[in-house]
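Only heavy atoms go into these numbers, but all of them, side chains included; no hydrogens, no water, no symmetry mates.
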Amino acid sequence: MENKTSFKHLLSYSLGEVGCQASWYMVNTYLMLFYTDVVGLSAAAISMIMLIARVWDAVNDPMMGSIADRTNTKWGKFRPYLFAAPPFLAIFNILTFTVFPVQGTAKVIICLITYVGTGMMYTAVSIAYQSLQHVTAIDSHVRMNLATARGIGGAVVGIILSAVAMPTILYFSKSDVANATGYFWFTVILSIVMVPLFWLCALGCKETYTEQLHSGAAAEKMGFVKSLREIVKNDQLMMVVLATVLGAMCISGRMGILTYYIIYVVGDFTVIAQVFSVMTILQLIATITLPVGIKIFGKKGYMIVLNIIMMIGFGLLFINPECNKTYLLVVSGICGWTNSAAAICPGMVSDSIEYGDWKLGRRQEGIAASMLSFGVKISTAISGSAGVLLLAAAGYVAGAEQTPAAKQGINIVVNLVPLVLVFISIVPLFFYKLNDKKVAEIRADLDKGVHAYDK
């Protein structure tokens with residue numbers, strides 16, 4: 001059995017996450033701000049766009065996963081999508097950050113169409129990329145190494161983007177306030193860069209174990225509806241998805257509105273780069289050290305530890321909203337450290353796929369990976385829609401000096417609400433039972449052709 005991974009393999013796989021982050025960074029971090037302060041959409045319009053686009057995007061994920069599972073080419077099941085889809089993703093990314101010369105309902109419709117298109121193209125790429133991990137390696141530890149490399153790649157590009165995004169946007173804006181020109185040209189640069197990154201990932205990550213893992217009963221092809229019915233029987237995967245939904249509602253939702261806190265409470269565009277840089281640097285260090293934490297606590301245990309630390313960080317910011325810059329950067333760094341928990345989830349999904357094969361006699365890497373993505377997108381649909389409405393309810397007025405009540409409302413939305421969500425997200429983890437010993441036993445059974453229903 002494979003028990004180590006070459007540096008080339010790790011690097012190639014990490015480039016896929018770099019591409020994903022380059023694609024989605026602007027959407028995840030600046031789209032809401034772009035819509036309110038540049039496009040001029042109302043809170044109600046943004047809420048509707050976010051809800052429709054992200055709910056459809058989430059529904060589209062299992063569909064794409066099912067399509068990928070039924071794909072068979074000489075390049076494999078998943079790699080063809082990493083070659084074909086990125087150029088189209090690049091086009092839609094650019095369109096999403098383009099201000100079209102229309103007003104009223106037409107403006108809302110165009111924003112909805114471009115955002116939905118971006119989400120669909122990103123789904124095709126990201127589901128293929130996530131699924132690739134499960135067929136390019138077979139050993140649980142190697143897959144976790146790939147997940148760690150993915151996390152490191154994401155953290156590295158996150159550091160770079162956090163440091164250069166807003167300064168570059170302001171440079172192209174030719175102003176001390178970001179405008180349409182700045183957002184557009186920085187998105188163009190990211191879109192051009194990301195395409196070859198996906199291609200390099202696909203070239204360097206061969207689907208070595210696809211045929212071996214999809215022989216026999218596990219190779220049976222199922223329709224979309226039957227695939228969904230089967231995958232929800234995997235109780236361990238469902239626990240990971242549920243924890244991910246709640247965790248992503250916290251992290252993605254908070255990241256989407258954190259800029260409002262920095263701009264209108266802290267009061268300086270330039271602090272955005274510093275806060276995001278500190279967070280991503282600490283996330284990188286934490287991701288590199290993930291194997292140590294996992295060795296000590298296990299995947300589930302370390303997830304719980306990181307979530308508890310995250311709650312403490314949010315609490316510290318909430319109780320001291322008028323903190324100085326040093327305090328803000330230190331506590332933000334703590335929060336950034338705990339964001340490394342996201343890199344553990346793909347490893348848990350890999351173990352859940354093994355468990356599903358052992359329990360049900362079927363392997364569905366594509367739809368299993370899509371369930372994790374589905375969870376993230378459902379959560380971002382809820383948090384994205386709710387976030388802008390909560391800001392409006394708190395009294396936020398775009399481009400204006402915020403009232404003390406509005407600032408306190410932003411503090412609650414950015415810090416207290418995420419704290420509660422993290423607390424709730426810990427609950428499903430107590431029902432996750434796949435430790436290293438159990439996974440090794442399952443893999444040994446599968447290698448001998450033995451399943452749970454045979455015992």
Report yes or no: does [X] contribute a side-chain atom to a donor-acceptor pair with the main-chain N or O of [Y] at less than 3.5 Å?
| X | Y | answer |
| --- | --- | --- |
| Trp337 | Gln283 | no |
| Ser352 | Met348 | yes |
| Ser14 | Leu11 | yes |
| Lys77 | Ala68 | no |
| Ser66 | Pro62 | no |
| Glu207 | Phe78 | yes |
| Ser332 | Leu329 | no |
| Thr136 | Lys206 | yes |
| Lys300 | Tyr432 | yes |
| Thr29 | Met26 | no |

Checking Tyr129 against Phe198 for the ring-ring contact (aromatic ring centres under 6.0 Å, His included) test, could you report, in this order, the C-alpha distance in whole Å, the side-chain angles of both residues, the deciding distance, and whether it holds?
CA-CA 9 Å; Tyr129 172 65; Phe198 286 119; 7.2 Å; no
Tyr122 versus Asn93, side-chain donor and acceptor atoms under 3.5 Å:
no
Under 4.0 Å between a side-chain nitrogen and a carboxylate oxygen: does that hold for Glu354 and Arg443?
yes
Mark yes when over 12 heavy atoms from residues, nucleotides or ligands other than Phe83 sit less than 6.0 Å from its CZ; otherwise mark no.
yes
Out of curiosity, [X] [atom1] to [Y] [atom2], how far, rounded to the nearest 0.5 Å?
| X | Y | atom1 | atom2 | result |
| --- | --- | --- | --- | --- |
| Leu132 | Ile127 | CG | CD1 | 12.5 Å |
| Asp445 | His451 | CG | NE2 | 9.0 Å |
| Ser23 | Glu17 | OG | CD | 11.0 Å |

Please report the C-alpha distance between Lys359 and Gln236 in whole Å, then the side-chain angles of each, then the deciding distance to 0.1 Å, and finally whether the side-chain hydrogen bond (donor to acceptor under 3.5 Å, both in side chains) criterion is met.
CA-CA 11 Å; Lys359 179 183 179 181; Gln236 296 302 286; over 6 Å; no
Does the side chain of Val414 reach to within under 4.5 Å of the side chain of Phe318, using non-hydrogen atoms?
no
Go through the steps to decide whether Lys299 and Asp436 satisfy the test salt bridge (Lys or Arg N to Asp or Glu O under 4.0 Å), and finish with yes or no.
CA-CA 9 Å; Lys299 296 185 184 76; Asp436 284 349; 3.6 Å; yes
Tyr302 vs Phe297 aromatic rings, parallel, tilted or perpendicular, using cut-offs 30° and 60°?
parallel
